[in-house]
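Throughout, protein chains are lettered first and strands after them, A, B, ... in sequence-line order, and every chain is numbered starting at 1. Heavy-atom basis, side chains included; hydrogens, waters and symmetry copies ignored.
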Protein chains: 2
Amino acid sequence: LETAESGRKSNKKAFASEVAEIRNGLLHAQDDLAETDIPVLILIDGDDFVGGEALFDRLHEWLDARFLRSTAYARATPEEEQRPFMWRFWLEMPPRGRIGVFQRSWHSVTWADRISGRIDDQELDRRIEHVRSTEQGLCDDGALIVKLWLHLPKKELKKRVDAARKDETWRYHETDSFVYKHYAEGVAIAKRIVGGTGLMAAPWTVIDTGDSRQCWLTAARKIAHVLRERLDTPRYAGRPGQDPTPEADAEADEASTPREDSPDVQVSVLDGVDLGARLERAVYRRSLDELQAELSDLQREAWRLDLPSVFVFEGWDAAGKGGAIRRMTHAMRATKYKVFPISAPDDRELSRHWLWRFWRRLPKPGHVSIFDRSWYGRVLVERVQGFATSEEWKRAYAEIEDFEAQLVESGTVLRKFWIHIDAEEQQRRFEDRQRVSFKRHKLTAEDWRNRERWHDYEVAAADMVEKTSGVVPWTLVAGNDKRHARIEVLKTVCEALRESVRK
Amino acid sequence: LETAESGRKSNKKAFASEVAEIRNGLLHAQDDLAETDIPVLILIDGDDFVGGEALFDRLHEWLDARFLRSTAYARATPEEEQRPFMWRFWLEMPPRGRIGVFQRSWHSVTWADRISGRIDDQELDRRIEHVRSTEQGLCDDGALIVKLWLHLPKKELKKRVDAARKDETWRYHETDSFVYKHYAEGVAIAKRIVGGTGLMAAPWTVIDTGDSRQCWLTAARKIAHVLRERLDTPRYAGRPGQDPTPEADAEADEASTPREDSPDVQVSVLDGVDLGARLERAVYRRSLDELQAELSDLQREAWRLDLPSVFVFEGWDAAGKGGAIRRMTHAMRATKYKVFPISAPDDRELSRHWLWRFWRRLPKPGHVSIFDRSWYGRVLVERVQGFATSEEWKRAYAEIEDFEAQLVESGTVLRKFWIHIDAEEQQRRFEDRQRVSFKRHKLTAEDWRNRERWHDYEVAAADMVEKTSGVVPWTLVAGNDKRHARIEVLKTVCEALRESVRK
């Protein structure tokens with residue numbers, strides 16, 4: 001950090017002449033960017049909050065503000081604190097072809113939280129881990145992240161604190177004197193953050209803010225340079241907006257055939273489900289009543305305690321996900337839960353990292369989000385049908401584990417159900433749907449197509465269960481008997497809530 | 001209400017046989033709906049909350065849940081209370097071709113707020129007024145609103161309260177006994193709401209919930225019937241998804257020519273702006289410093305008081321809106337304001353009522369939303385260029401006034417600026433933009449096109465100022481001198497905040 005303390009001073013004239021050139025560079029890059037599929041994140045972080053705001057202002061003037069999305073973050077509100085740390089940042093991710101400016105991103109917020117003692121070293125390390133994997137995930141997805149750490153040397157900071165005391169009160173941030181008082185500690189924490197999150201794909205630029213104009217120029221130059229560099233790579237240069245489909249298609253083919261290291265014998269994890277499990281109607285009725293009554297109480301209690309929960313339903317077409325979900329929601333207050341049926345992403349969702357649409361649907365404190373299909377589509381239908389390249393879906397296991405770890409660490413109750421049926425049972429249900437007029441709409445050509453890929457889905461599901469049971473294990477539910485499946489789901493949901501409520 | 005107390009009892013058999021038929025009707029209607037531009041709102045309101053939740057469940061089973069959006073509302077949270085009443089409902093408006101179910105909409109919430117004494121009769125009447133105009137606006141926009149008021153007769157309610165006391169505790173709502181205790185009052189308020197909001201375009205159906213099955217059938221029949229009726233009107237029948245463009249085009253022509261009753265002499269309201277106003281650089285510097293310092297303090301104070309504010313900027317292309325906005329934001333904390341550059345609506349926005357995108361951008365308590373162009377586009381560019389039919393933009397004046405009234409009544413500080421320049425000054429600025437490379441991006445072919453319609457815009461702007469000054473008057477700012485304009489804007493902003501902060 002100290003090496004960035006340049007102490008260079010600029011003069012007005014040189015500044016004005018250089019600004020024109022840089023503005024042109026930025027505007028052209030921004031123009032070209034619009035034709036690509038690259039989302040750009042500019043993070044304005046550091047120990048100099050006042051300098052950060054000035055740079056933020058300046059970028060709005062220098063870039064074309066019509067195509068700029070920017071958000072400034074402060075300390076989390078009490079409600080935000082009950083969400084996973086990265087949640088409110090995910091909401092503002094820029095779409096492809098656009099620049100998003102984060103004024104005090106996850107880095108500065110973490111820095112401020114640590115220096116003020118709101119989090120300890122352990123939490124600091126945990127955050128650094130999640131930030132690393134989030135940024136890596138964004139870069140893997142094609143994002144360009146420009147990370148600027150604005151650092152004000154102690155001497156300059158003292159000058160500003162002194163000046164502020166005298167007159168220019170409104171420009172004065174209480175933070176300045178706080179930072180001054182804890183200067184050494186601040187530098188130590190900054191080093192830890194900057195050092196811990198310096199990814200190859202998204203390195204830091206540390207900038208001395210002692211001279212504002214120099215700071216703005218350095219930041220703008222850096223942004224223009226990095227943008228231009230990416231735009232000039234063979235993939236984008238001269239082929240604006242070109243669709244990278246051919247490549248994806250080639251990989252898709254690979255994806256749809258079972259991997260060599262997954263012979264049939266590995267499907268055992270699903271084979272272990274006892275599909276003979278049955279429940280008598282009378283027993284079912286009684287259990288249903290009891291469990292719904294308990295669930296109702298538990299949900300009220302979770303609401304009182306501000307506990308959010310997430311329940312994920314995956315399984316074969318016609319496995320009975322919808323019915324199981326309705327038996328759950330029947331016992332819950334309609335204002336407190338939301339069911340999200342997940343199908344193909346829409347345009348807005350496609351233009352962002354694939355996890356974005358799930359971050360947006362996380363529950364408020366005390367609420368329940370139920371996913372009828374979920375982020376696991378990435379390693380199921382998207383893998384099998386080739387909508388994701390093999391690189392993408394293979395990467396997804398780790399992304400999912402990190403995503404779920406963030407949920408659980410923030411206190412969210414999370415359970416995942418795979419409702420299992422065999423091919424014969426599915427056939428029976430498809431035929432039933434075809435016979436009953438008001439069930440016919442549930443059966444689409446896609447269902448028959450999926451059925452033809454039964455084996456591929458089997459391999460994908462088994463891989464999924466194996467590779468994503470680290471944070472929260474899957475609950476495999478025997479679904480040939482609907483009554484049995486519904487009761488199993490209710491039991492697990494109640495258990496999970498009971499456990500968390502009593503903590 | 002009492003006439004709805006049918007006391008009819010159904011039997012299981014007749015029920016099952018009728019359900020199949022109704023489900024088919026609903027599913028077909030939902031299918032056909034998807035091909036149209038009709039957004040459908042189903043409001044499940046009434047004094048029977050338990051019955052409402054049961055119906056809500058049932059509709060999810062009977063309709064195709066994949067294409068259903070539904071939200072359940074309870075009493076507003078403290079943060080929601082600081083927004084305009086209709087805000088959280090606007091967020092969930094269904095797009096065209098889809099059904100949105102509102103479990104306890106604005107009606108039930110108002111009913112519950114009144115019966116529990118959280119609002120008085122005056123506020124009740126005010127809400128009824130806003131609800132009327134909101135629903136009317138949605139219907140004008142092509143929406144279909146099915147309003148169901150679920151009413152449980154006193155005798156049945158007593159039975160349920162008694163039964164709940166004994167065993168079925170989890171199904172028991174505290175509300176039931178409260179409603180029972182205040183039964184007469186509840187009926188009186190219900191009559192007032194149902195009576196006051198029974199629009200021709202969106203009438204009420206009052207349903208006796210004494211027999212759940214009858215209630216579900218009646219509701220489902222009503223929904224299927226109303227949907228089918230609309231789908232069978234000549235506009236939609238047999239022409240699924242057809243674009244109503246030709247008609248719109250015809251009206252657009254009319255829109256672009258100045259109305260006969262607006263001869264040039266009516267432009268006077270803008271002519272009254274003294275474009276000769278100038279400010280010396282030294283005076284400007286001093287005023288700017290003073291006003292920014294004051295604004296900074298005021299904004300902090302407004303933040304402390306949870307006061308939200310909205311500032312709207314309209315004016316000719318190159319009038320200097322962006323510069324004026326930057327002089328404001330420079331004095332504000334970046335976390336507390338958001339600038340929204342408004343251009344053409346995107347697909348998601350187009351598929352909803354035109355005001356939806358502005359409701360979504362209203363500020364949180366203590367925050368500031370700045371609109372660089374705004375909802376006034378409806379009566380400016382959309383009128384002049386024919387993007388809105390003459391019917392649509394003429395209706396918009398009243399819609400805007402009602403929208404702004406809701407903002408102001410909820411305690412939002414609102415000011416609207418029209419920054420005025422003359423055609424010669426605009427010409428100079430366009431030429432300047434063309435000369436300076438990094439300003440060139442601001443000048444588009446559209447700007448030149450708009451300039452050719454100068455007279456039409458003049459008429460539209462004058463009409464706008466005249467017809468939308470009822471709730472909050474416009475601040476007309478002389479913009480030929482940028483310094484003068486910026487100071488005028490800052491002064492007005494400070495005045496507005498000072499006034500509200502000191503209240």
Set of residues satisfying side chain to side chain donor-acceptor pair (under 3.5 Å) with respect to [X], sequence neighbours excluded:
{"X": "Arg433(B)", "value": "none"}
{"X": "His28(B)", "value": "none"}
{"X": "Ser374(A)", "value": "Glu314(A)"}

Rounded distance [0.5 Å steps], CD in Glu53(A) versus CE in Met332(B)
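So the CD of Glu53(A) and the CE of Met332(B) are separated by 10.5 Å.
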Report the distance from atom NE2 of His60(B) to atom CD1 of Ile325(A), rounding to the nearest 0.5 Å.
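Result: 11.0 Å between the selected atoms.
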[X] portion near chain B, given a 4.5 angstrom heavy-atom threshold:
{"X": "Tyr73(A)", "result": "backbone"}
{"X": "Ala65(A)", "result": "backbone"}
{"X": "Gln30(A)", "result": "neither"}
{"X": "Arg69(A)", "result": "neither"}

Based on non-hydrogen pairs under 4.5 Å, which of Asp31(B), Asp64(B), Val436(B) is most in contact with chain A?
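Heavy-atom pair counts peak at Asp64(B).
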Below 4.5 Å, heavy-atom pairs only: which of Arg66(B), Gln103(B), Glu61(B) has the largest tally toward chain A?
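Answer, by heavy-atom pair count under 4.5 Å with chain A: Glu61(B).
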Side chain, backbone, both or neither: which part of Ala74(B) has an atom under 4.5 Å from a heavy atom of chain A?
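Both backbone and side chain.
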Is it true that atom CD of Glu81(A) has more than 12 heavy atoms of other residues, nucleotides or ligands lying nearer than 6.0 Å?
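Yes.
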Quick check: are there more than 12 heavy atoms from other residues, nucleotides or ligands sitting under 6.0 Å from CZ of Arg360(A)?
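More than 12 within 6.0 Å, yes.
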Nearest heavy-atom neighbours spanning Asp57(B) and His330(A)
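Heavy atoms of Asp57(B) and His330(A) come nearest at OD2-ND1, 2.8 Å.
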What pair of heavy atoms forms the shortest contact from Ala334(B) to Ala72(A), and how long is it?
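Answer, listing the atom of Ala334(B) first, then Ala72(A): O-CB, 3.1 Å.
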Under 4.5 Å, heavy atom to heavy atom, which residues of residues 335-343 of chain B contact chain A?
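Against chain A, the residues of residues 335-343 of chain B that fall inside the cut-off (heavy atoms, under 4.5 Å) are Thr335(B), Tyr337(B), Lys338(B), Pro341(B).
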